[in-house]
Structure formats: C-alpha cells, structure tokens
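A short write-up of the structure that comes next.
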Amino acid sequence: MTPAAVVRARGRGRGVRPFRFAAILWTIIALGLNAYIHFTLAPSVSDVPGRLMNLGTLYLIEAGVNALAAVFLLVRPRLWSALFAIVVALIGLLTLVASVWMPLHLPFGLPAVPMSSWTTEKAISAAAQLFIVISGTIVAATGRRR
C-alpha cells in the first residue's frame, strides 16, 4: 500500500485511532497485571485442595487465561478478542468479590475458594478487572464494522 493510499484509508476511518489504541494498550496492561498477581499468589494458596486440582493450580490457570486474552488483543484487536477479555475479567471479578463475602464451593471437583477479607492484591486485581471490562467495552465498541 502506498503512503497516499494509507492516508486515504485513514481518512475513511480505517487504521488505528488514538483513543482505540489507548484502550487496547491499557486493556493489555491490565490483563498483564492481573495475570502477574495470580501467578505470584498461586504458590501461597496451593495448600487448598480440591478433587481435580488445588487452588494454586486454579490461580495459575487464571493467570494463563489472562495472558492469553492479552495476546489475543495484541495480535488481533477485534470484537471477539475484546469480548473474550471482558468475559475473563467478569468471571474473575465476580469470583473475587463473592469470595470476600462467602466461601465459594466450585463445581466439577474444583477447589473451594475460602472466604477472606480484602487485601491489597485483591483490591488491585478487582480494579484491574473492572478496568478491563470498561476498556474492553471501548475496544469492542470502537472496532470496525464489517
């Protein structure tokens, strides 16, 4: 594509707009932060057993899914990748907030998430997940229409 064609294409609304670019970037950063928090907390909760896996393994899976959502947004910032990030963040946020008020008994042999109070890590993770929902919605809403 020639430089003139790029300018014409951007003039018609194609290309990455600065607001959308910022939303994608901040969503990826928040997903990375949430993945890091879960990865670092996994060893400290690995003593909570479950029939299928322990809680530390569940935290590692959560970290991996957050990292996968960040990679999807980095490689293909489309509606489906933004929705995937939003769903990952909503499930994590609902689980986190519910675990503050009551112990969660997860199905399918997964470990129970014990009830605990708010910690700095929980507050940062909840804020990051809420931010992912908001910025992911912006990414999804500002995508190109086909």
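Hydrogens, waters and symmetry mates play no part in the numbers below; they use all other heavy atoms, side chains included. We're numbering straight along the sequence, starting at 1.
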Item to check | Donor-acceptor contact below 3.5 Å, side chain Arg78 vs main chain Ala140 | outcome: no

Shortest non-hydrogen contact from [X] to [Y]?
| X | Y | result |
| --- | --- | --- |
| Ala35 | Ala67 | CB-N, 4.1 Å |
| Ile28 | Ala70 | CG1-O, 3.9 Å |
| Ile132 | Ala89 | CG2-CB, 3.5 Å |

Next on the checklist: Test of understanding: clusters of I, L, V, M, F, W, Y form through side-chain heavy atoms closer than 4.5 Å, transitively. Do Val88 and Ile37 belong to the same one?
Outcome noted: yes

Item to check | Single-linkage hydrophobic cluster Leu41~Trp118, side-chain heavy atoms < 4.5 angstrom | outcome: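 Unlinked, Leu41 and Trp118 end up in two clusters.
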
Would you list the pairs meeting side chain to side chain donor-acceptor pair (under 3.5 Å) in which at least one residue belongs to [range], sequence neighbours left out?
| range | answer |
| --- | --- |
| residues 123-138 | Thr27-Ser135, Asn34-Ser125 |
| residues 67-77 | none |
| residues 91-100 | none |

Item to check | side-chain hydrogen bond (donor to acceptor under 3.5 Å, both in side chains) partners of Thr40, counting only residues at least two apart | outcome: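 So Thr40 forms no side-chain hydrogen bond (donor to acceptor under 3.5 Å, both in side chains) with any residue.
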
Distance check, rounded to the nearest 0.5 Å: [X] atom [atom1] versus [Y] atom [atom2]?
| X | Y | atom1 | atom2 | value |
| --- | --- | --- | --- | --- |
| Leu25 | Leu74 | CG | CG | 9.5 Å |
| Ile24 | Thr142 | CD1 | OG1 | 6.5 Å |
| Ile138 | Phe19 | CD1 | CZ | 4.0 Å |
| Ser46 | Leu58 | OG | CG | 12.5 Å |
| Leu130 | Leu96 | CG | CG | 11.5 Å |
| Leu93 | Phe131 | CG | CZ | 14.0 Å |

Listed partners of [X] passing side chain to side chain contact (heavy atoms under 4.5 Å, CB included), at least two apart:
| X | result |
| --- | --- |
| Ile61 | Met53, Thr57, Val65 |
| Ala98 | Met102, Leu104 |
| Thr119 | Glu121, Lys122 |

How is the hydrophobic cluster of [X] composed, in terms of its other members, when Ile, Leu, Val, Met, Phe, Trp and Tyr link through side-chain heavy atoms under 4.5 Å apart, directly or indirectly?
| X | result |
| --- | --- |
| Val133 | Leu79, Leu83, Ile86, Leu90 |
| Val87 | Ile91 |
| Val71 | Val75 |

Next on the checklist: Among residues at least two apart in sequence or on other chains, which ones pass ring pair (Phe, Tyr, Trp, His ring centres under 6.0 Å) with Phe84?
Outcome noted: Phe72

Next on the checklist: Can you pull out every ring-ring contact (aromatic ring centres under 6.0 Å, His included) where at least one residue sits in residues 33-52? Sequence neighbours excluded, please.
Outcome noted: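 Counting only pairs at least two positions apart or across chains, the ring-ring contact (aromatic ring centres under 6.0 Å, His included) contacts touching residues 33-52 are His38-Tyr59.
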
